[in-house]
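Heads up, the thing below is written out as structure tokens.
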Amino acid sequence: LPSILSGAVHFADVSFEREGNPVLNEISFHVDAGKMVGIIGETGSGKTSLLHLIPRLYEKNAGQLFLDEIEIEKMDVKSLRGQISIVPQEVHLFSGTVRENIGWGRETATFDEIIEAARSAQIHEFIDSLPDGYDTEIGQKGIVFSGGQKQRLSIARALVRKPKILLLDDSTSALDAHTEKRLLETLEGLSCTVFIVAQKISSIQKADLILLLHQGEIVAQGAHEELLQNNEYYYNIHHS
Ligand code: DUT
Ligand code: MG
């Protein structure tokens, strides 16, 4: 069924395993449309796996996953993926112009839409400062982007698709604190539910909902202040 999502996400006891090994265990949370979810947890705790379940890049083994009130299995996969953008943990740029790299996957995007996405991703000024601007070649024959520039280009590529759900997998780790803050403020202003996987609490402390993962389980969830007061484990990582 093709349906236009508002962006609400609901996990009900979702479990996921790979080759018989449990990766996520009975994950439950709810986020309303347009809100921001922060996910933290040590390496291997299941953050990437959790994100991948939403556009069905991975298939859960148990539980229910609803977008709005619809179970994801009841939706057309193409329509589902058309409304969800994921910025993968490993950024892939290809040989081609900056403009082509941002428009990749959405060939109908106009130049104005590409610029708007780049502005939101805090990369427009940098692109504009290049001698060839958006026509600059990336890759072996062209310029080499820094880690943080690649991350922002990759976020612009996700935004140009105008998603209802945006999944950022450790996509701000190479940004300085000031740029990251401006990016998050811009994302807050979009009518889009945003999931941000991060390594530092400072990257996600303004999120409406924070999920703390540990060995595939949510060991704490709530807003920053609430978690600081009520969860010793969260308090300890914040102060470590
Ligand atoms: N896993 C596999 N095969 C895969 C992907 C993951 O066995 O292709 C396992 C490894 C790990 C668990 O799933 O024990 C969770 O991995 P995930 O990549 O979801 O963890 P993460 O929290 O994203 O780790 P990192 O912070 O290193 O990105
Ligand atoms: Mg990961």
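No hydrogens, no waters, no symmetry mates; every other heavy atom, side chains included, goes into these values. Whatever order the structure lists them in is the order used to number ligands and atoms, beginning at 1.
When each of Ser171, Ser146, Ser173 is checked for a side-chain hydrogen bond (donor to acceptor under 3.5 Å, both in side chains) with Gln151, only Ser173 meets the rule.
Using cut-offs of 30° and 60° for the angle between ring planes, the Tyr58 and Phe16 rings count as parallel. The aromatic rings of Phe11 and Phe29 lie parallel to each other, with less than 30° between the two planes, well short of the 60° mark.
Here the two rings, on Tyr234 and His224, have centers that are under 6.0 Å apart.
A salt bridge does not link Glu125 with Arg152: none of the charged nitrogens is closer than 4.0 Å to a carboxylate oxygen.
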| query | Given the rule in the side chain to side chain contact (heavy atoms under 4.5 Å, CB included) test, do Leu153 and Val98 qualify, once you have shown the distances and angles that lead to the verdict? | reply | CA-CA 8 Å; Leu153 203 83; Val98 169; 3.9 Å; yes
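With a cut-off of 2.8 Å, the Mg ion (ligand 2) has an N, O or S atom of Gln89 in range. Inclusion of Thr48 in the first shell of the Mg ion (ligand 2) is supported: an N, O or S atom falls under 2.8 Å.
When atom types are taken as modelled, the side chain of Gln83 and the backbone of Leu5 share a donor-acceptor pair closer than 3.5 angstrom.
Contact shell of ligand 1 (protein heavy atoms, cutoff 4.0 Å): Arg18, Val23, Glu42, Thr43, Gly44, Ser45, Gly46, Lys47, Thr48, Ser49, Gln89.
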